[in-house]
Amino acid sequence: MNFENTFSYNVDQYTLVSHVLSLGFAVMAAGLVYFLATRGSIAPRYRFSSVLSAVVMISAFFELFLLYQRWVTAFRWDGSAFVQSGTLFSNGYRYVNWSIDVPVLLIQLLVVMGVTGRRFHRAWVTFVVGGLAMVYTGYAGQFYEVERNAPFWVWGLVSTAFFVLLLALVAKVIFGNLGRLPESARGTARMVWWLVLVSWMLYPGAYLMPAMWDTADGVVARQITYTVADIVSKVVYGVLLGIIARRVSVAEGYGPALDDEVSLPRGGITDAVGGTDAVGVTDRRGGRGPTGGGR
Ligand code: RET
């Protein structure tokens with residue numbers, strides 16, 4: 001049982017939560033379009049990253065849409081407040097969604113950082129096994145969040161151990177492969193580390209919310225926390241990995257990646273003026289060989 005079902009809500013609290021949940025699934029739908037539309041500018045060997053982002057978007061869309069519907073049916077207006085209607089709201093849907101998304105997000109990192117061969121398979125196994133262990137032990141613990149007896153704390157601690165293991169491996173994968181990325185992608189890769197660290201920590205924060213803020217406002221804060229964490233850890237993360245993948249593609253001479261680089265000066269007038277940037281572009285385009293250019 002979740003602590004959401006132990007309160008009644010005023011109009012502001014109830015609507016805030018429903019709005020925040022709707023923001024969540026709307027962003028996932030938007031993300032799906034983005035990842036599919038931009039996949040052509042990434043070289044084929046990294047394009048799997050866009051596919052994985054799309055998988056995450058679909059699964060998160062359905063999960064958050066379902067959660068939104070649970071919220072609006074779980075409470076009814078009794079004339080002065082939104083009270084229990086007989087249907088339970090449950091964050092358990094989030095956990096089962098993470099069992100898809102956590103492994104997929106981590107594998108995506110391996111694809112973009114260019115980890116290959118046996119190192120790829122070893123990291124893959126640790127990410128999948130460690131990720132599922134973290135999610136399912138937390139899932140077991142959240143059933144006790146209202147009582148907050150021993151299982152809540154013990155499962156939470158076990159889950160945290162796997163969390164620390166995963167973070168250590170993420171740091172190793174990012175910083176251990178930084179040198180193999182082109183200069184243009186290294187800053188973004190470092191940003192991915194900070195993004196993972198901060199946004200993933202929000203999830204244990206939300207787990208602990210019943211212990212820190214056991215009121216209807218705490219429920220609002222928890223659902224906002226989850227939504228911010230979801231948008232950053234799935235969508236913004238996917239966008240950054242896509243940017244890294246495109247920059248690596250440019251460095252490897254993949255023409256469409258260069259064509260899609262919106263921050264480069266335009267051709268035409270710029271080329272005619274013959275500025276330094278324009279010369280730079282011409283040089284790089286010239287260097288990409290006969291296979292470049294076509295989409
Ligand atoms: C739990 C239980 C309490 C202890 C810890 C947890 C960590 C959860 C994390 C979830 C990440 C989810 C992601 C989903 C994206 O789709 C399970 C809440 C440490 C880190 C990234």
Side-chain angles (χ1 to χ4, degrees), residues 2-4 21 23-25 27-29 31-32 35 49 52-67 90-110 126-146 148-171 173-174 192-212 218 221-223 225-241:
N2 283 146
F3 97 135
E4 278 81 355
L21 291 173
L23 173 68
F25 69 75
V27 171
M28 300 307 147
L32 178 65
F35 294 119
S49 167
L52 294 176
S53 271
V55 168
V56 168
M57 293 301 104
I58 291 276
S59 78
F61 174 88
F62 281 108
E63 176 256 319
L64 292 170
F65 188 65
L66 192 85
L67 213 58
S90 169
N91 287 300
Y93 295 105
R94 295 186 178 279
Y95 288 71
V96 287
N97 166 257
W98 300 341
S99 62
I100 301 171
D101 289 358
V102 166
V104 170
L105 290 169
L106 293 171
I107 291 165
Q108 201 180 349
L109 184 68
L110 298 177
T126 316
F127 277 158
V128 173
V129 175
L132 292 180
M134 176 186 81
V135 170
Y136 291 141
T137 50
Y139 176 71
Q142 56 92 38
F143 283 106
Y144 302 92
E145 70 177 28
V146 175
R148 288 194 294 288
N149 47 6
F152 175 75
W153 299 104
V154 173
W155 285 123
L157 265 177
V158 176
S159 177
T160 304
F162 289 109
F163 180 48
V164 171
L165 170 84
L166 291 180
L167 283 179
L169 188 55
V170 167
V173 167
I174 293 180
V192 168
W193 161 250
W194 291 108
L195 180 147
V196 168
L197 185 67
V198 173
S199 67
W200 285 43
M201 296 253 268
L202 294 175
Y203 293 100
Y207 180 95
L208 286 174
M209 197 65 83
M212 301 185 299
R222 164 139 95 168
Q223 295 303 323
T225 304
Y226 274 136
T227 303
V228 170
D230 280 346
I231 293 175
V232 176
S233 72
K234 300 179 213 260
V235 187
V236 180
Y237 173 85
V239 169
L240 290 187
L241 287 188

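Every number for a ligand or one of its atoms is a count from 1 in the order of the listing. Just so it is clear, the values below take in all heavy atoms, side chains as well, and ignore hydrogens, waters and symmetry mates.
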Have a look at ligand 1 and work out which part of Val102, if any, has a heavy atom under 4.0 Å from it: side chain, backbone, both or neither.
-> side chain

Check ligand 1 against Gly156 and write out every atom of the ligand that is under 4.0 Å from a heavy-atom position of the residue.
-> 4 (C)

Against heavy atoms of Lys234, which atoms of ligand 1 measure under 4.0 Å?
-> 15 (C), 16 (O)

By number and element, which atoms of ligand 1 are closer than 4.0 Å to a non-hydrogen atom of Gly138?
-> 2 (C), 17 (C)

Have Asn2 and Glu145 got a donor and an acceptor in their side chains that come within less than 3.5 Å?
-> yes

For atom 4 (C) of ligand 1, which of Gly205, Ala60, Ser159 has the closest heavy atom?
-> Ser159

Distance (rounded to the nearest 0.5 Å) between Arg94 CZ and Ser99 OG | 14.0 Å

Can you sort out which atoms of ligand 1 are near Leu105, meaning under 4.0 Å from one of its heavy atoms?
-> 15 (C), 16 (O)

Is it the side chain, the backbone, both or neither of Met134 that has a heavy atom closer than 4.0 Å to ligand 1?
-> both

With heavy atoms only and a cut-off of under 4.0 Å, state how Trp200 meets ligand 1: side chain, backbone, both or neither.
-> both

With under 30° as parallel and over 60° as perpendicular, where do the rings of Phe25 and Phe65 fit, or are they tilted in between?
-> perpendicular

Heavy-atom contacts with Phe163 under 4.0 Å: which atoms of ligand 1 show up? List them by number with element.
-> 19 (C), 20 (C)

Can you find a side-chain donor-acceptor pair between Tyr237 and Ser199 that sits under 3.5 Å?
-> no

If you measure from each non-hydrogen atom of Thr137 to ligand 1, which part falls under 4.0 Å: side chain, backbone, both or neither?
-> neither

How are the rings of Tyr226 and Tyr203 set to each other: parallel, tilted or perpendicular (split at 30° and 60°)?
-> tilted

Which residue supplies the protein heavy atom nearest to atom 7 (C) of ligand 1, what is that atom called, and how far is it?
-> Pro204 CD, 3.8 Å

